[in-house]
**Student:** 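Sharing a structure below in structure tokens format, with a few things to ask.
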Amino acid sequence: MLYQSTRGCAPHIDFRSATLAGLAPDGGLYLPQNWPRFSEADIADLAGCDYAETAARVLAPFVGDCLSGAELRDLTRAAYGAFSHDAVTPLVQLNERNWLLELFHGPTLAFKDVALQLLGHLFERFLTGTNTHLTIVGATSGDTGSAAINAVANRAQISIVMLHPKGRVSDVQRRQMTTVLAENVHNVAIDGSFDDAQAMVKRMFADELVTGQRTLSAVNSINWARLAAQVVYYFYAAVRLGAPQRQVAFSVPTGNFGDVFAGHVAAQVGLPIARLIVATNVNDILHRALSTGDYSASMVVPTATPSMDIQVSSNFERLLFDVGGRDGAALAAQMRGFEAARTMQLTNSQRTSAARLMTSARIDGEAMGQAMLWAWDHAGQLIDPHTAVALSAAISAARDSMLDPAIPIVTLATAHPAKFGDAVMAATGQNSALPARLGNLFDREERCTHLPGDYGAVRDFVLAATAS
Ligand SMILES: *Cc1c(COP(=O)(O)O)cnc(C)c1O
């Protein structure tokens, strides 16, 4: 299995190299050259498998011969053994039609642990025996940062520098990052938005002053291995609900488009997904793009769902490439146009191909609150605001009879409600306690560097803080 860049000008590389690299040298994102195929029999065979075994089987064709089957199994067992629920990603039924897929039973209480716990083990496995030291530079709107830090803290051949927009992540989210005092962990609060932070990270990957001295790697969902790890829970959930015999729909709270793109991958490789609902908050560039073809960035509006407060969704490029005929040169020109003007039109073929699988919805704060209350009143479930955005979209989709009523709709529950306890309290009047395993988060010492929203300052910090 080889990986190609969405911009067509980078050498094709294997899974190991794609995992360590993150972004491709031509500025594109890696995708498999061809989609592998899971037959109905392959999918039916997953019925008896636990999560770690499902992960090993679903990931095997993507890993190719970079790891043996036994090595891959060891890594998935180690990664998913750290989860607090035996099912790793349990399904919870809300009503006849609607289900939650709880993806927040990892160490930092958000779905990003599912991918990053595995990525930490993959990094370590691929670095062992080399003299490479990896410098991970990332930007986080909240949950990626803590999950990434937790996955690589104290790993000898890795340093991590994590940027977050100062004052725009919740106290729990910040403390989950800044209270990790491991020597290889460096938190930076920058003035500006998540998009500003992410633009700096992208710029650093193209900056020869940095790349000449450090081996950079990404943990944002531009990293292919992360997306691959997220394909697994679509299989795990669909099989439990009757796949391959029965189709399943998923509603996904979407920000950087990584999670829902993993659903697209699952469908491409053979999982019978009837529909993917791309649920956005009022920062609705993806909804506008998918419903009208207009992909135009505007200003980010802060909401109760900070992990979706994004205007530029990195992984959307992967979708445009895959549904637009996989023409790297054309896509590179389209993306360059967007980067210059902050606006672009999808081609007709991109729009119609995307619409075969995806529907989008824009959910405002009021509808989000109503969905939280509905889940509590109808099913006794407290859900976090991100999950509520997707649940609101799922309930509307069921009501609009867009889908055959026999098709179950799975809402991806991306964060534990206690991570956003104030919003849960405001919508439901209920207090959601942090699980005991988070311990004394609010008593622990924090360590964080504050920098201005200035690329040069961030670059100097990265070079000073990390080893080559
Ligand atoms: C990251 C995140 C999202 C958005 O996922 P993307 O892959 O960026 O689309 C949604 N909800 C929560 C809680 C998150 O942490």
Side-chain angles (χ1 to χ4, degrees), residues 29 89 100-116 119 138-148 150 162 164 168-170 172-174 176-177 194-195 197-198 218-224 226-231 233-234 250-266 276-281 283-287 289-290 300 303-319 358 360-361 363 368 371-372 383-393 411-421 423-424:
L29 303 169
T89 63
L100 291 177
L101 180 62
E102 292 186 348
L103 302 174
F104 52 71
H105 294 283
T108 71
L109 310 182
F111 87 97
K112 298 197 165 71
D113 288 324
V114 180
L116 285 163
L119 191 64
T140 183
S141 54
D143 294 327
T144 298
S146 55
N150 198 284
M162 187 54 62
H164 70 265
R168 302 219 193 159
V169 301
S170 75
V172 173
Q173 287 177 319
R174 188 191 70 249
Q176 283 183 311
M177 298 191 279
F194 167 73
D195 285 338
Q198 178 157 270
V219 288
N220 282 50
S221 51
I222 55 178
N223 186 298
W224 167 258
R226 241 187 94 172
L227 292 193
Q230 291 172 207
V231 174
Y233 48 70
Y234 286 91
F250 291 89
S251 183
V252 187
T254 298
N256 222 357
F257 208 74
D259 208 3
V260 75
F261 187 77
H264 168 85
V265 174
L276 290 172
I277 301 167
V278 180
T280 75
N281 64 22
N283 296 295
D284 63 349
I285 183 171
L286 289 168
H287 172 57
L290 290 167
V300 177
T303 71
T305 46
S307 297
M308 300 161 71
D309 289 347
I310 280 171
Q311 281 294 341
V312 182
S313 292
S314 316
N315 281 296
F316 199 53
E317 176 168 342
R318 284 189 160 110
L319 181 77
M358 291 182 180
S360 64
I363 306 299
M368 182 270 290
M372 286 168 95
I383 60 173
D384 102 286
H386 303 80
T387 306
V389 165
L391 180 61
S392 178
T411 292
L412 302 196
T414 48
H416 191 289
K419 248 187 140 161
F420 301 92
V424 173

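Both ligands and their constituent atoms are indexed starting at 1 by order of listing.
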**Student:** Donor-acceptor pair, distance only, cut-off 3.5 Å: does the side chain of Asn223 make one with the backbone of Ala218?
**Tutor:**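 Here the side-chain-to-backbone pair exists.
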
**Student:** If I apply the N/O under 3.5 Å rule, does Gly258 come out as touching ligand 1?
**Tutor:**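 Yes, at least one N or O pair falls under 3.5 Å.
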
**Student:** Begin with the C-alpha distance, continue with both residues' side-chain angles, and end with the deciding distance and a verdict on side-chain contact (heavy atoms from CB on, under 4.5 Å) for Thr144 and Arg226.
**Tutor:** CA-CA 11 Å; Thr144 298; Arg226 241 187 94 172; 3.5 Å; yes

**Student:** Would you kindly specify which portion of Phe257 sits under 4.0 Å from ligand 1, judged on non-hydrogen atoms: side chain, backbone, both or neither?
**Tutor:**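 Looking at Phe257 and ligand 1, just backbone atoms fall under 4.0 Å.
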
**Student:** Among protein heavy atoms, which lies nearest atom 9 (O) of ligand 1, and at what distance?
**Tutor:**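 For atom 9 (O) of ligand 1, the nearest protein heavy atom is Gly255 N, 2.8 Å.
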
**Student:** Can you name the atoms of ligand 1, numbered from 1 with element, that are less than 4.0 Å from a heavy atom of Asp143?
**Tutor:**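 The list of qualifying atoms is 12 (C), 13 (C), 14 (C), 15 (O).
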
**Student:** Considering only protein heavy atoms, which is closest to atom 10 (C) of ligand 1, and at what distance to one decimal place?
**Tutor:**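 For atom 10 (C) of ligand 1, the nearest protein heavy atom comes out as Pro253 O, 3.5 Å.
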
**Student:** Give a yes or no answer on whether the side chain of Thr89 reaches the backbone of Leu103 with a donor-acceptor pair at less than 3.5 Å.
**Tutor:**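 Side chain of Thr89 to backbone of Leu103, a donor-acceptor pair under 3.5 Å: no, none is there.
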
**Student:** Run the numbers on Leu319 and Met358 for side-chain contact (heavy atoms from CB on, under 4.5 Å), then give the verdict.
**Tutor:** CA-CA 11 Å; Leu319 181 77; Met358 291 182 180; 3.9 Å; yes

**Student:** Quick one: which ligand 1 atoms are inside 4.0 Å of a heavy atom on Thr254?
**Tutor:**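 Reading through ligand 1 atom by atom, the close ones are 9 (O).
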
**Student:** Using the rule side chain to side chain contact (heavy atoms under 4.5 Å, CB included), only one of His164, Arg168, His386 pairs with Pro306; which is it?
**Tutor:**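 With Pro306 as partner, side chain to side chain contact (heavy atoms under 4.5 Å, CB included) holds for just one option, His386.
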
**Student:** Considering heavy atoms of the protein only, find what lies nearest to atom 6 (P) of ligand 1 and give residue, atom and distance to 0.1 Å.
**Tutor:**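 In this structure, atom 6 (P) of ligand 1 has Asn256 N, 3.5 Å as its nearest protein heavy atom.
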
**Student:** Take Asp259 and Tyr233 through the side-chain contact (heavy atoms from CB on, under 4.5 Å) test and state the conclusion after the steps.
**Tutor:** CA-CA 10 Å; Asp259 208 3; Tyr233 48 70; 2.5 Å; yes

**Student:** I need the nearest protein heavy-atom contact for atom 1 (C) of ligand 1: residue, atom name and distance, please.
**Tutor:**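 Answer, as residue, atom name and distance: Lys112 NZ, 1.3 Å.
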
**Student:** How far is atom 12 (C) of ligand 1 from its nearest protein heavy atom, and which residue and atom is that?
**Tutor:**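 Result: Thr414 OG1, 3.3 Å.
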
**Student:** For the 3.5 Å polar cut-off, considering only N or O atoms, please tell me whether Asp259 and ligand 1 meet it.
**Tutor:**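 By distance alone, the answer is yes.
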
**Student:** With respect to Gln230, determine whether any N or O atom, backbone or side chain, lies less than 3.5 Å from an N or O atom of ligand 1.
**Tutor:**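 N/O-N/O distance under 3.5 Å: no.
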
**Student:** Just distances here: any N/O of His386 and N/O of ligand 1 closer than 3.5 Å?
**Tutor:**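 N/O-N/O distance below 3.5 Å does not exist for this pair.
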
**Student:** Under the criterion side-chain contact (heavy atoms from CB on, under 4.5 Å), I'd like the reasoning laid out for Val300 against Phe194: C-alpha separation, chi angles, the key distance, then a yes or no.
**Tutor:** CA-CA 9 Å; Val300 177; Phe194 167 73; over 6 Å; no

**Student:** Mind checking whether Phe111 has a heavy atom under 4.0 Å from ligand 1?
**Tutor:**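 It does; at least one heavy atom falls under 4.0 Å.
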
**Student:** State whether a side-chain donor-acceptor pair under 3.5 Å links Thr108 with Asn150.
**Tutor:**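 Thr108 vs Asn150: no donor-acceptor pair found between side chains.
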
**Student:** Side chains of Asn315 and Asn256 only: does a donor on one sit below 3.5 Å from an acceptor on the other?
**Tutor:**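 The answer is no; no qualifying pair exists.
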
**Student:** Would you kindly specify which portion of Lys419 sits under 4.0 Å from ligand 1, judged on non-hydrogen atoms: side chain, backbone, both or neither?
**Tutor:**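 Looking at Lys419 and ligand 1, no heavy atom falls under 4.0 Å.
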
